[in-house]
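Scroll down for the structure; my scribbles are underneath it.
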Amino acid sequence: MDKISKIIQDAVFKLFESEQTVQLSSPDPQFGDYSTNIAMQLAKTVGKNPREIADSLADKLRESGEFSEVSVAGPGFINLRVSAKNLSDLLEQSWSEKYGENKDGDGKTVIVEYPSPNVAKPYSVGHLRPGNQGWAVKRLMEATGWKVITDNHIGDYGAPFGIWVVGFLEFSDDEKLDNGGVYELGRIYIRTKQALKDEATAGERQLADQVQEWLLKLENGDTEAQEYSRRFNEISLAHIHEIMNRMRISTDLELGEAFFAPKGKQAIQDLLSKGIAIQNPDGSVIVKLDEYGIDVPFLVQKSNGTALYSTTDIATILYRESMWHPDRVIYAVGPEQQFYFTQLFALAKKLGIKTELIHLWFGMIEQINEDGTREKMSSRKGVVLMEELLDQAETRAREIVKGRDVSDEDIKKVALGAIKFSDFMADRRTNILFSWDNIFALSGFSGPYVQYAAVRVNKILRDNNPKYAETESYDFEPEKTIIMKLLDYPEVVKVSARDLEPHKVASYLYELAKDLNRYYEQTPIATGDVSDIEKQARLGILKKASHVFAHGLSLLGIEVPIRM
RNA sequence: GCACCCGUAGCUCAGCGGAUUAGAGCAUCUGUCUUCGGAACAGAGGGUCGGCGGUUCGAAUCCGUCCGGGUGUACCA
């Protein structure tokens, strides 16, 4: 596509001495393979009517000999056709082992933070998106020439700890905890949150005070508190790692809030001494951000002296700055924290941090109520756990392949493919309505549909041993749609990485899969009376398609099974 | 109140660096089928792109405004 737009660009320059960038689009096939509305865009600056401009450009483009057909339509669209043979040559020229990747990142360093679950409760679908999309963004950064460091910023500090200890002492015991593990911790957490709520409505704050006391104890190095913290975190971390393993995501680092809390306290002292932060009479510490248009002061330390999220996050920014000098940091965190992050980023600016800080937020996962309204999924109403989701997906995948020779490994790939792909169906910011049928979709716009197309391609390649062939005499006409689609891939990766929108890769892969399924339906590859040249030429295209499938799916954290 | 997000087919969602006839999946209906693997393919019906106004030769897309829904708005994370 670059090459084609460059040809037009040159023609535009020669005729009108304009450097207006040419945008190509894919029109309805009846009009052409590519089209551009450059003539309309030039009309104003050139001072001629668009139709006239289009006509003279079209003449010039015909002279170039690169197009099999050039026509002008409507108010001044230039529609172009390129022969399949030319497109095939173009693909061959731009092909490499790293087809699709680029160097846009220029070796700069980016830290991607995900999935950062809290230790307080079992891993729920609430953290599906940060983990899944965070991983995809990491992969996109890698594919576009960034040096990537990933960090699991675990929520292993702060209020949840206090809530746990209070709840554990009040509603649980050693035996229950030993038997229930992380699920018992989850129960304790929910139960205690409820008790705190009831207490608050009754105008009391006994439990709330106890929660804060335990936090203070922990910060002051009380051995009992530290022992509780160690015990609870150990249980939770093992669980988090198990789920991340099943989701096939990992991070380079795992520096949680607990790690940064002491550093945070120190950082706050520095801010105070520099006069950036202000201590209120009640002991709490704030930073004013009026000059950034934010009139709510940023609370960075509670009145009882304990740390909160902002405290540890400031320390995290400073720590990363000193360790890695990142050019960019991406936080894969839910949308509820948008305001918090605008505050945090404003403070970073105030501290002179130059790093590009990005809050990669996602639409919420909602559930549908009986009255048809939608509502955010919450622990209060009963969340779906990640473990449950993975189990169910595997069970369903297993039922489908019953009686076929499919490995357990492959079943898991399909199950995971279904879950992950469904998360990429919509734009990152769109709220997702949780439904078991959507998330396990096996046909239509779904992970398994794409995986299936890839598996078919690979099977044909395995059975037919593609080898280099002289394809000069072959016109590639039946493969034209697929070749054009394959030519689009690098641009898709580029834009997807630029916008941090993995779902664009997903849409693309679906379209490629669809084109391929249609292609098999009407074009024999290695059956019937297909000549050797045809066969090898077709296998050559399939080989490239196979690469793009594997590459694109891997950007989404999805693997291609052997059989399914 | 203010800030941000959302409103496109019965449902779930694309498209929104303007442009030739607004797309996909699911659901419904009809075909293809002794398959290089049917988790497939071909086709049908279904839309005042929330309302109004503006910019433009041209608006689902940009701007304004109103309506409806969601989220956030310092001692939670």
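Residue numbers start from 1 in every chain, and the chains themselves are labelled A, B, ... in the order their sequence lines are given, proteins ahead of strands. None of the values given here were measured: they were computed from a predicted structure.
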Between atom [atom1] in [X] and atom [atom2] in [N], what is the gap in whole Å?
X	N	atom1	atom2	value
Gln23(A)	rA19(B)	CD	P	10 Å
Asn438(A)	rA27(B)	CG	C1'	12 Å
Asp427(A)	rU12(B)	CG	P	17 Å
Lys504(A)	rG15(B)	NZ	C1'	10 Å
Ile439(A)	rU12(B)	CD1	C1'	13 Å
Leu433(A)	rC5(B)	CG	P	22 Å
Met425(A)	rC11(B)	CE	P	15 Å

Practice problem: With P as the reference atom in both, quote the distance from rC13(B) to rA59(B) in angstrom, rounded to an integer. | Solution: 28 Å
Exercise. For rC2(B) and rU55(B), measure between their C1' atoms and round to the nearest Å.
Key: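 28 Å, rounded to whole Å.
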Where along [range] does protein come under 4.0 Å, by heavy atom, of base (B) or sugar-phosphate alone (S), with - for untouched nucleotides?
range	answer
nucleotides 68-77 of chain B	--SSSSBBSB
nucleotides 56-64 of chain B	---------
nucleotides 39-46 of chain B	BSSS----

Pairing residues for [X] by the side-chain hydrogen bond (donor to acceptor under 3.5 Å, both in side chains) criterion, not counting sequence neighbours:
X	result
Asn304(A)	Gln212(A), Thr306(A)
Asn49(A)	Glu52(A)
Gln206(A)	none

Exercise. Answer yes or no: does a side-chain N or O of His503(A) lie under 4.0 Å from OP1 or OP2 of rA24(B)?
Key: no
Exercise. State whether Tyr510(A) places a side-chain N or O below 4.0 Å from either non-bridging phosphate oxygen (OP1 or OP2) of rG25(B).
Key: yes
Quick one: do the [X] and [Y] side chains pair a donor with an acceptor below 3.5 Å?
X	Y	answer
Asn517(A)	Tyr452(A)	no
Tyr474(A)	Glu534(A)	no
Asp282(A)	Ser284(A)	yes

Self-check item: salt bridge (charged side-chain N to carboxylate O under 4.0 Å, His left out) against Asp410(A), all qualifying residues, sequence neighbours excluded
Solution: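 So Asp410(A) forms no salt bridge (charged side-chain N to carboxylate O under 4.0 Å, His left out) with any residue.
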Quiz item: Contacts to RNA chain B from residues 492-501 of chain A, heavy-atom cutoff under 4.0 Å, which residues?
Solution: Arg498(A)
Quiz item: If you find the nucleotide of RNA chain B closest to Pro524(A) and the one closest to Ser35(A), which residue's nucleotide is nearer the 5' end?
Solution: Ser35(A)
Exercise. Evaluate the criterion ring-ring contact (aromatic ring centres under 6.0 Å, His included) for residue pair Phe445(A) and Phe421(A); output intermediate values, then yes/no.
Key: CA-CA 9 Å; Phe445(A) 196 117; Phe421(A) 201 91; 5.5 Å; yes
Quiz prompt | By side-chain contact (heavy atoms from CB on, under 4.5 Å) - contacts of Asp499(A) (at least two apart) | solution = Val495(A), Glu501(A), Lys504(A)
Self-check item: Sequence-distant partners of Glu254(A), side-chain contact (heavy atoms from CB on, under 4.5 Å), two or more places apart
Solution: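 Result, side-chain contact (heavy atoms from CB on, under 4.5 Å) vs Glu254(A): Asn152(A), Ile154(A), Leu237(A), His241(A).
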Quiz item: According to the ring pair (Phe, Tyr, Trp, His ring centres under 6.0 Å) rule, which pairs have a member within residues 296-317 of chain A, sequence neighbours left out?
Solution: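 Checked against ring pair (Phe, Tyr, Trp, His ring centres under 6.0 Å) - neighbours excluded - the pairs reaching residues 296-317 of chain A are Phe298(A)-Tyr340(A), Tyr309(A)-Tyr340(A).
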Quiz item: With Leu57(A), which of Val72(A), Val12(A), Val70(A) fulfils side chain to side chain contact (heavy atoms under 4.5 Å, CB included)?
Solution: Val12(A)
Practice problem: Start with the C-alpha gap between Asp423(A) and Asn132(A), add the side-chain angles, then the distance that decides, and say whether side-chain hydrogen bond (donor to acceptor under 3.5 Å, both in side chains) holds. | Solution: CA-CA 8 Å; Asp423(A) 181 27; Asn132(A) 194 36; 2.8 Å; yes
Exercise. Side-chain contact test, heavy atoms from C-beta onward, threshold under 4.5 Å: evaluate it for Phe549(A) versus Gln451(A) and give yes or no.
Key: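 A side-chain contact is absent here, since even the closest heavy-atom pair is not under 4.5 Å.
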Quiz item: Looking for any heavy atom pair under 4.0 Å, which part of the strands does Ala526(A) touch: base, sugar-phosphate only, or nothing?
Solution: base
Quiz item: In dot-bracket form, how is RNA chain B paired, counting a Watson-Crick or G-U wobble pair only if both its distances are under 3.5 Å and using | for bases paired to another strand?
Solution: (((((((..((((.........)))).(((((.......))))).....(((((.......))))))))))))....
Quiz prompt | Carboxylate-amine/guanidinium proximity below 4.0 Å for Arg396(A) and Asp437(A) | solution =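 Asp437(A) and Arg396(A): salt-bridged.
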Quiz item: Is the backbone N or O of Gly305(A) less than 3.5 Å from a side-chain atom of Lys265(A), with the two atoms forming a donor-acceptor pair by type?
Solution: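 Confirmed, Lys265(A) side chain pairs with Gly305(A) backbone.
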